Amino acid sequence: MPQQPALLPTSDQPTREVSRRSMLKLASLAGAGALFAPALAACAGPKTANTASTAGGGAAGGTLSIVLNRNLVSLDNKLNQYDAAVTVQRAVREALTKIGDDLKPQLVLAESFEQTKPTEWTVKLRSDIHYSDKSPVTVEDVETALKLYFEVKAGYVASQFPEQPTFTKVDDKTFTLTTKTPVVTLSSLMSNILITPAKDNKAEELSNGLGTGPFVIANADTGTGTYKLTRNDNYWGEKARLQEVNVSYQEEEGARVIAITSGQADVIDTITPESAASLKTNADVDVIETPGTRLIHLFYNFRKPASSPLSKPEVREALTYAIDHDSLIKALMNNQVSSAEGVVPKTLAGFARTGTYTYDPNKAKQMLAAAGASDLKLTFIWEDSEFAGASRVLEAISQMLAAVGVTATLKMIPKGGEINAWRRGEAGDWDVLANGYGNQTGLALTNLQGQYGGTAEKEKTRDTYQGFVAPEISALLDQAGAEADEAKRDALLGQAQTKIWALWPAMWAWTPNNVLAKRKRVTTLKLRAINSYDLGSVTVSA
């Protein structure tokens with residue numbers, strides 16, 4: 001069992017300082033009495049993209065500067081796949097498929113990707129693809145990539161697969177992926193498996209190396225999160241329009257806002273509602289907002305012993321009534337997020353509306369008292385910049401919980417720190433994780449399988465989502481993943497989502513809009529619902 005850490009005193013908590021304006025907003029809340037795609041049918045493959053890039057007029061030159069809010073520790077995604085990183089990672093490494101604007105899979109490195117039997121997909125590689133050094137992409141490269149995603153410890157992408165497909169080479173360009181039970185969403189899931197030469201691939205996140213994408217790595221410093229990408233003039237598809245892309249990160253939002261308003265940066269991501277509102281008044285800046293597929297939630301630790309109050313669904317439910325989410329959305333989130341109406345974002349194919357979060361502090365007190373948990377003490381953990389304005393939101397939530405007699409201790413894990421060890425219960429004990437869960441497939445099943453499809457076997461290696469194991473639910477998800485009929489599959493997913501909601505896995509959950517700011521000189525940047533864009537198609541004017 002992990003040891004109980006000493007709770008940090010308030011002065012030592014690594015939370016950001018709450019601004020005076022934020023405090024005034026919190027005070028106003030208190031004054032108000034609130035104390036605060038569908039999967040593909042059988043035998044049908046994904047649509048073919050005309051080329052790997054949507055650029056229309058060939059290379060045009062120019063340099064783009066992107067400043068991220070989180071350190072891009074790798075140009076690989078085996079362990080982490082936060083949304084904004086995908087744009088940069090897939091500019092260097094590509095997959096067999098990608099998720100298009102309509103949240104459906106499109107072909108990239110694959111010439112065809114077809115379900116030829118209920119438990120078998122046959123894939124043929126394009127004949128014209130190659131790496132940036134002109135070496136060919138081989139079937140063995142794909143086999144090694146898939147294997148290593150499952151070998152890496154605590155792999156994020158692998159957890160979204162109901163099982164590891166068996167790989168069989170047919171010829172130099174063709175292979176099959178076979179599963180024990182049908183996995184009708186396999187063409188979407190494989191969009192997250194980035195391909196690199198087998199001889200250079202490892203069961204870890206890669207910071208360098210060859211890819212098939214429209215850009216190559218000129219310089220990389222994973223410690224500072226600084227990368228220089230240059231156009232891949234040997235690209236097999238349509239050449240990138242940009243000559244160079246410089247990527248860096250700045251954790252302080254104020255510095256990122258200054259960078260874009262001064263022209264030092266061309267694109268910044270994941271900005272708070274306050275900054276977005278301010279930037280909209282700048283004549284040189286565009287703010288792009290799209291409905292998102294990312295779920296952010298205050299997820300309970302399901303590894304708590306039976307003696308813990310949090311092991312009781314009624315206690316988990318009671319705590320939800322303490323959260324005045326409407327006030328949080330209005331005062332701290334500028335109405336740029338929507339409160340969840342289920343256990344996955346409603347933008348995803350297969351979403352089922354299972355209920356809404358309700359603010360009722362009196363009910364929270366009554367239910368906590370009935371469960372013998374009136375003096376509950378909770379430790380919240382989250383990684384710095386996990387979502388916009390995280391520290392302010394959690395500070396407000398701690399005050400709301402205090403109003404119903406619950407003491408909350410806030411512990412922020414620095415970016416690049418040991419958040420994965422904390423999540424696995426290896427660094428210390430905790431009660432609630434404030435966490436974002438991105439979706440790069442457009443399918444509700446991806447979230448459901450990754451978060452709620454845990455098994456006792458997976459929990460032995462701590463590869464479940466915060467210890468969530470419910471055999472009845474995982475069985476329904478397995479059935480849904482094997483069902484080719486969309487209507488029947490959605491019905492199974494609806495049953496699973498209803499059962500998940502009844503267990504109250506989160507204190508509160510919400511879906512933010514994707515918010516990106518760019519200089520107006522940046523053109524042809526199309527932000528998808530999955531919060532990424534094709535870097536190869538971006539242009540800049542003089």
Side-chain angles (χ1 to χ4, degrees), residues 14-26 62-73 82-85 87-88 219-229 242 244-290 292 331-337 382-395 412 414-416 436 512-523 525 527 531-533 535 538-542:
T15 53
R16 288 204 192 105
E17 181 181 353
V18 181
S19 68
R20 181 174 182 274
R21 184 176 182 183
S22 299
M23 290 303 294
L24 290 173
K25 284 191 172 183
L26 294 177
T63 298
L64 184 78
S65 172
I66 301 173
V67 181
L68 303 175
N69 79 316
R70 297 176 69 176
N71 187 358
L72 182 56
V73 298
Y82 78 89
D83 302 348
T87 294
V88 182
N219 291 300
D221 185 337
T222 59
T224 62
T226 302
Y227 299 84
K228 178 181 178 181
L229 308 181
L242 295 166
E244 182 179 309
V245 178
N246 294 304
V247 182
S248 61
Y249 99 98
Q250 170 55 253
E251 62 181 281
E252 292 302 326
E253 181 172 87
R256 287 187 288 125
V257 170
I258 291 173
I260 195 168
T261 55
S262 66
Q264 297 175 28
D266 295 306
V267 179
I268 63 173
D269 72 294
T270 316
I271 50 181
T272 61
E274 288 178 329
S275 293
S278 175
L279 288 171
K280 286 178 181 178
T281 66
N282 189 299
D284 297 319
V285 176
D286 286 326
V287 175
I288 302 175
E289 297 182 40
T290 64
L332 294 184
M333 300 173 172
N334 203 30
N335 294 314
Q336 289 183 345
V337 314
W382 76 99
E383 187 177 35
D384 187 17
S385 298
E386 180 65 26
F387 54 91
S391 295
R392 294 182 303 161
V393 171
L394 290 169
E395 179 66 27
M412 183 184 72
K415 283 180 292 191
N513 290 337
N514 301 323
V515 183
L516 175 148
K518 69 175 184 65
R519 299 283 296 181
K520 289 189 174 179
R521 78 185 195 101
V522 179
T523 57
L525 188 160
L527 187 63
N531 201 23
S532 67
Y533 51 94
L535 199 51
V538 174
T539 58
V540 294
S541 59

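These numbers come from a predicted model, not from an experiment. Along the sequence shown, the residues carry numbers beginning at 1.
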Give the minimum heavy-atom separation between [X] and [Y], together with the two atoms involved.
X	Y	answer
V540	G62	CG2-CA, 3.9 Å
A255	Q250	CB-CG, 3.5 Å
V285	A517	CG1-CB, 4.1 Å

State which residues pass side chain to side chain contact (heavy atoms under 4.5 Å, CB included) with [X]; sequence neighbours excluded, sorted by chain then number.
X	result
T87	S532, Y533, L535
A276	I271, V287, Q336, V515
I288	T290, L516, K518, L525, L527
N219	K228

- Message: Between S248 and V67, is there a side-chain heavy-atom distance shorter than 4.5 Å?
- Response: yes
Next on the checklist: Looking at R70 and E386, is any side-chain nitrogen of the basic one under 4.0 Å from a carboxylate oxygen of the acidic one?
Outcome noted: yes
Which residues pass the side chain to side chain donor-acceptor pair (under 3.5 Å) test with [X], sequence neighbours left out?
X	value
T224	D221, T226
S65	none
T272	E253, S275
T281	none

Rounding to 0.5 Å, atoms OG1 (T261) and CG (L279) come to a distance of 7.0 Å
One should read off an interatomic distance between L229 CG and I66 CD1, to the nearest 0.5 angstrom, of 8.0 Å
Look at the side chain of [X] and the backbone N and O of [Y], then say whether any donor-acceptor pair between them is shorter than 3.5 Å.
X	Y	answer
Y227	V88	no
N531	N514	no
R519	I260	yes
N71	Y249	no
R521	D284	no

Test side-chain contact (heavy atoms from CB on, under 4.5 Å), reference L64, set N246, V247, V522, T539, output is V522
Residues passing the ring-ring contact (aromatic ring centres under 6.0 Å, His included) test with F387, sequence neighbours excluded, are W510
